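Reviewing the structure listed below.
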Amino acid sequence: MSAPALAAITVSDLSKNFGHFQAVKGISFTVAPGEIVGFLGPNGAGKTTTIKMITGLLKITSGTVLIGGLDNRKHLAAIKKKLGYMSQKFSLYPLLTAMENIEFFGGISGLPPAELRLHMARMEEQVASDILGQKIQDVPPGIRQKVALFVCLMPEPEIILLDEPTSGVDPEARRLFWNELYGLKKHGKTLLVSTHNLDEAEYCDRIIIIHNGEIVACGEPEELLRQKGKVNIEELFKDAIQEHGQN
Amino acid sequence: MVSLEHVSKSFAAIKAVDNVTLAVKKAAITILTGADGAGKSTIFKMLVGLVKKDSGTILLNGEDIGSDYSRITSICGFMPERFSLYTDLSVEENLNFFAAIQQVPLPRREELKKRLLERTGMSPFRKRRAGALSGGMKQKLALSTILLSSPELIILDEPTTGVDPLSRIEFFVIIEALKNEGKTIVMSTPYLDEAEKGDNIVLIKNGRVMRQDSIAGLRDSFPARLFRILPRGNIFEVMARISAIPGLGGQVHMRGKFIRYMQTGSENLGRQIPHLEMVEEKPTLEDMYIYYERRQ
């Protein structure tokens, strides 16, 4: 009998306190290699805090995060090579052009100049040169999002964490973005995507709904709908949160 | 109740609103939806006279208002995209301030405030500074400030943008209750799943109205069909086979375990790739928006 595949992300009893406030309350979940997991919840539910603890950007109060079996507090340097993180607001330098952002982030990621040039050439194939020459603050949100994902992927991470990547993006750009995410999945990448667009739950293999720092639902979207007798994700989301709020 | 006929507005060389004709029905929710820069805010600002139209007519109950915007502003509450709240004032102080400038009679203020705080679930936060409220609560407070004058017509410019999904759901419950009380609501949103809840949906792109109707009407007149393909075997291989068929690449997209396919003409995917399990489903507003946008 073959051993079960090692989870890409294993979160066990993870908590985070900010002073007396407990933002994340002992949550546990796994993300399998090659899986797309959607992370849904209202503002302040603990999504970004959890993602930041997974990346090592935020200190864990208690519990563990294993990335490919490695504890992220003991092996942070090794784990950083495996992880890509696209933050809310895309974290690009607004006064730099797309190409300057790529050059800058490629540089701080330690990419060799020849490899960086290859990446830049690849971006030139995808986006018109006049747009690439504009300050990133002046280009359409869909292009900013594309550049932010490109920057995140340059070091070729195995696991990609995306924090509200589709906010403010028009419908066509959003669909194209998801096509890109499926392209990553096809190549075996693992994705954890937080989103405020409930219809994006259907794009995911599994979803986790979080409220007040606790997981209130977890599973395949269709299966969850069937189990709870709901017709759409909005109903499921609303009821899961209201039920949790009453407990 | 209110309508625009052939209204246009340019800012220098940019045509922000291009020959727009649309009708806002009484006691109904009209939702304008489209990407950033589609012209939604400009339309609202022209309705209340904050931006002067270049051409076209604005009608109230079938009568041209000419340049007398007070005919609309006297019956409407307008909530701009960036909520106009005083962040250093408490929830209650904001309500007091807006009640004063809207000249709400003193004897009515306390009762109105109480009713609005209860309706929006804000009563426990009446002493909290507006700046310390969450996005969803700010949105409810901003709505309350415009409801103080009991307007017949409520104009809301992207009230739910950037607000979390639970607050968006709660906000819409309030909007529907207002409609049921006979209020006329016109709002904009970039969220197409939210726009589906409108009685009348106006799809806008680059200042032009692409389509307007109820969701049922939009579906009835939609010239394409949507299918959910349930792939047997590797979904990526099935996707690659479909995408390789000339002209079909842009008509399929993956969604979880399924592939969705928009049949726009007489092509027959089932004949081109035998044994595909296809189930027809209703197009979403996003499907329709993308279809019309590509053809504009």
Side-chain angles (χ1 to χ4, degrees), chain A residues 34 36 38 40-45 47 88-89 140-142 164 166-183 185-188 194-207 209 211 220-223 232-235 237-242 244-245, chain B residues 33-38 133-138 158 160-170 172-173 190-197 203 205-206 228 230 234-237 239-240 243 249-250 252-260 262 284-294 296:
Chain A
I36 301 182
L40 311 178
N43 281 342
K47 303 187 298 291
Q88 278 178 19
K89 316 286 178 207
E164 294 181 25
T166 53
S167 292
V169 172
D170 71 65
E172 177 93 52
R174 189 165 76 122
R175 226 172 238 193
L176 290 172
F177 184 78
W178 272 96
N179 278 348
E180 290 204 36
L181 298 191
Y182 285 125
K185 177 182 162 70
K186 185 181 173 184
H187 289 100
S194 87
T195 179
H196 270 175
N197 293 311
L198 295 180
D199 58 345
E200 288 181 4
E202 274 203 352
Y203 286 84
C204 303
D205 298 314
R206 277 191 307 132
I207 56 169
I209 302 177
H211 181 230
E220 293 182 16
E222 289 224 326
E223 183 59 21
N232 58 41
I233 297 291
E234 182 175 312
E235 288 278 308
F237 179 84
K238 190 176 70 181
D239 285 13
I241 285 179
Q242 281 172 351
H244 181 249
Chain B
T33 189
D36 277 356
L133 297 173
S134 69
M137 286 202 277
K138 279 185 188 146
E158 299 210 6
T160 56
T161 298
V163 174
D164 75 62
L166 187 64
S167 301
R168 289 207 304 267
I169 294 167
E170 289 171 354
F172 218 86
V173 170
Y191 304 108
L192 292 168
D193 51 344
E194 184 172 84
E196 280 197 13
K197 297 175 184 172
L203 304 179
K205 172 78 179 176
N206 292 339
R228 176 174 283 212
L230 314 161
N234 187 314
I235 189 168
F236 295 110
E237 284 172 15
M239 184 73 181
S243 301
V252 282
H253 69 278
M254 278 178 59
R255 184 171 288 197
K257 291 178 178 169
F258 312 104
I259 296 167
R260 295 183 78 246
M262 188 187 287
T284 62
L285 194 58
E286 182 180 277
D287 294 320
M288 295 188 273
Y289 186 92
I290 289 173
Y291 175 89
Y292 290 122
E293 182 187 36
R294 286 178 181 172
Q296 199 188 29

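A, B, ... follow the sequence lines: proteins, then strands. Residue 1 opens every chain. Because the structure is predicted, anything quoted here is derived from the model rather than measured.
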Which one wins on heavy-atom pair count under 4.5 Å against chain B: A:I36, A:N232, A:L176, A:D199? A:D199
Engaged part of B:P190 at the chain A interface, taking heavy atoms whose separation is under 4.5 Å: neither
Ranking B:E170, B:R228, B:E194 by heavy-atom pairs under 4.5 Å to chain A gives rank one to B:R228
Which one wins on heavy-atom pair count under 4.5 Å against chain B: A:E172, A:E222, A:R175? A:R175
Could you tell me which portion of A:N43 (side chain, backbone, both or neither) has an atom closer than 4.5 angstrom to a non-hydrogen atom of chain B? both
Closest-packed option against chain A by number of heavy-atom pairs under 4.5 Å, given B:P165, B:A35, B:S167: B:P165
N-O pairing of B:E286 and A:R174 below 4.0 Å: yes
Contact check, side chains of A:F237 and A:I207, non-hydrogen atoms, under 4.5 Å: no
Selection from B:Y289, B:F258, B:F236 maximising heavy-atom pairs under 4.5 Å formed with chain A: B:F236
Heavy atoms, side chains only, cut-off 4.5 Å: are A:D170 and A:P141 in contact? no
So does A:E200 get a backbone contact from the side chain of A:N197, meaning a donor-acceptor N/O pair under 3.5 Å? no
pair A:L198-A:K238: side-chain heavy atoms closer than 4.5 Å: no
Are B:H253 and B:R255 close enough that some pair of their side-chain heavy atoms sits under 4.5 Å apart? yes
Chain B heavy atoms under 4.5 Å from A:E220: which part of the residue, side chain, backbone, both or neither? side chain
